[in-house]
Amino acid sequence: MTGVLRPGFVQVRVLDLAAAVEHYVKRIGMHEVARGADGRVYLKCGDEFDHHSVVLRPADRAGMDYVAYKVASEADLDSFAKRIADHGVAVDHVAAGEQPGIGRRIGFTVPAGHRFELFAHADRSEPGPDVHNPDVWSIEPHGMGATRFDHVLLYGPNVDETVAFFENCLDFKLTERLDPPDGLLAAFLSCGMKAHDIAFVKHDEPGKLHHISFNLESWNDVGHAADIITRYDISVDIGPTRHGITRGQTIYFFDPSGNRNEVFSGGYTYYPDSPTRTWDVNQIGKSIFYYERQLNENFLSVVT
């Protein structure tokens, strides 16, 4: 096993830490595992083995600091550092222990303006999923019952160059694309067998976060999430509905700081020999929201 395995964790800026913790823990269904002296709070979902998958950092503006992907080995970490540097992108190094339970990391900025990091080591979460005679869950689900941090969708320029970087430097595969006449408008990439592990949409401003996504077990769980959103007056964007791209069943809403969240289920399985699926720009409504067949203004314009 070599290469990039999957999304690892995301560090999110929040304006009100207490409100953010309540949202991600009580509503989305995560678990708090640690707090740092610098104010950061570390969270994980119930079915995740690594120490944490979401970091909340108090700040005066919302958004994403960076997203980190896990690689198979320390040797892979060194190999990717060289490949990225040889591609002409600056690489920096973060010492082990900068976050609890996480080993050394390398960091770099992609052409769309976002910071990414890679790491190989993470301590096992405690408590974590059972591995011996495992029950369906070891930590009782609550809230929306998110099983894992799944992906982010990011807005920024230079989508074509960003896709080339992920393909050539990190061995991601382009699973699905939305094509206007003048270059990629949206790109969905996978490092494994999911419909996507990262996505980019063309936008004038670099480094913007569109949403952080969490996996749920079923379409019924997406409906339950909608019940929670209504019960607690959480600001909703759109859904429940379904995507044409990826085929995921979804609902979008906002955390108290204005960062967009998604919970979803389903989506197709991607194999390495699968062709890239392509949507024409005149089908953009159906590609994003398959049932409504049109986009809403918030989904296009609200980013952090």
Return all side-chain donor-acceptor pairs below 3.5 angstrom for residues 275-285, not counting sequence neighbours, or 'none' if the list is empty.
from	atom 1	to	atom 2	distance (Å)
T276	OG1	L174	O	2.7
W279	NE1	E176	OE2	2.8

Looking at residues at least two apart in the chain, or sitting in another chain, which of them share a ring-ring contact (aromatic ring centres under 6.0 Å, His included) with Y270? none
From CZ (F264) to OG (S213), nearest 0.5 Å: 5.0 Å
Please evaluate residues H196 and D150 with respect to the criterion side chain to side chain donor-acceptor pair (under 3.5 Å), reporting the C-alpha separation (whole Å), side-chain torsions for both, the decisive distance (0.1 Å), and the verdict. CA-CA 9 Å; H196 63 318; D150 191 81; 5.2 Å; no
Checking I106 against L77 for the side-chain contact (heavy atoms from CB on, under 4.5 Å) test, could you report, in this order, the C-alpha distance in whole Å, the side-chain angles of both residues, the deciding distance, and whether it holds? CA-CA 8 Å; I106 64 169; L77 199 57; 3.9 Å; yes
Relative to the ring of Y69, is the ring of F172 parallel (under 30°), tilted (30 to 60°) or perpendicular (over 60°)? perpendicular
Nearest non-hydrogen partners of G258 and T304, listed with the distance: O-CG2, 3.4 Å
Within 45° of the ring axis of F214 and under 6.0 Å from its six-membered ring centre, is that where the NZ or CZ of R148 lies? no
Tell me the salt bridge (Lys or Arg N to Asp or Glu O under 4.0 Å) pairs involving residues 233-242, sequence neighbours left out? D237-R260
Listed by chain and number, what are the salt bridge (Lys or Arg N to Asp or Glu O under 4.0 Å) partners of D123, not counting sequence neighbours? none
Mind checking whether F299 and Y252 have parallel, tilted or perpendicular rings, split at 30° and 60°? perpendicular
Is the F116-F166 ring centre distance short of 6.0 angstrom? yes
Determine, using the 4.5 Å side-chain heavy-atom cutoff (strictly less than), whether V21 and I28 are members of one ILVMFWY cluster. yes
Where the side chain of S218 meets the backbone of N220, is there a donor-acceptor pair that is under 3.5 Å apart? yes
Counting N and O atoms only, with roles assigned by atom type, does the side chain of S53 sit under 3.5 Å from a partner on the main chain of F9, one being a donor and the other an acceptor? no
Examine the side chains of H52 and Q99 and answer whether a donor and an acceptor come within less than 3.5 Å of each other. yes
Heavy-atom donor-acceptor pair, E48 side chain to F149 backbone, under 3.5 Å: yes
Sidechain-backbone polar pair: T147 side chain, N215 backbone, donor-acceptor under 3.5 Å: yes
Got a donor-acceptor contact below 3.5 angstrom from the T175 side chain to the F188 backbone? yes
Going by the rule ring-ring contact (aromatic ring centres under 6.0 Å, His included), which residues pair with H31 if we only count those two or more places apart in sequence or in a different chain? H142
Pairs involving residues 293-303, ordered by first then second residue, that meet salt bridge (Lys or Arg N to Asp or Glu O under 4.0 Å) (sequence neighbours left out): none
Could you measure the distance from the CZ atom of R115 to the CG atom of L154? Nearest 0.5 Å is fine. 14.0 Å
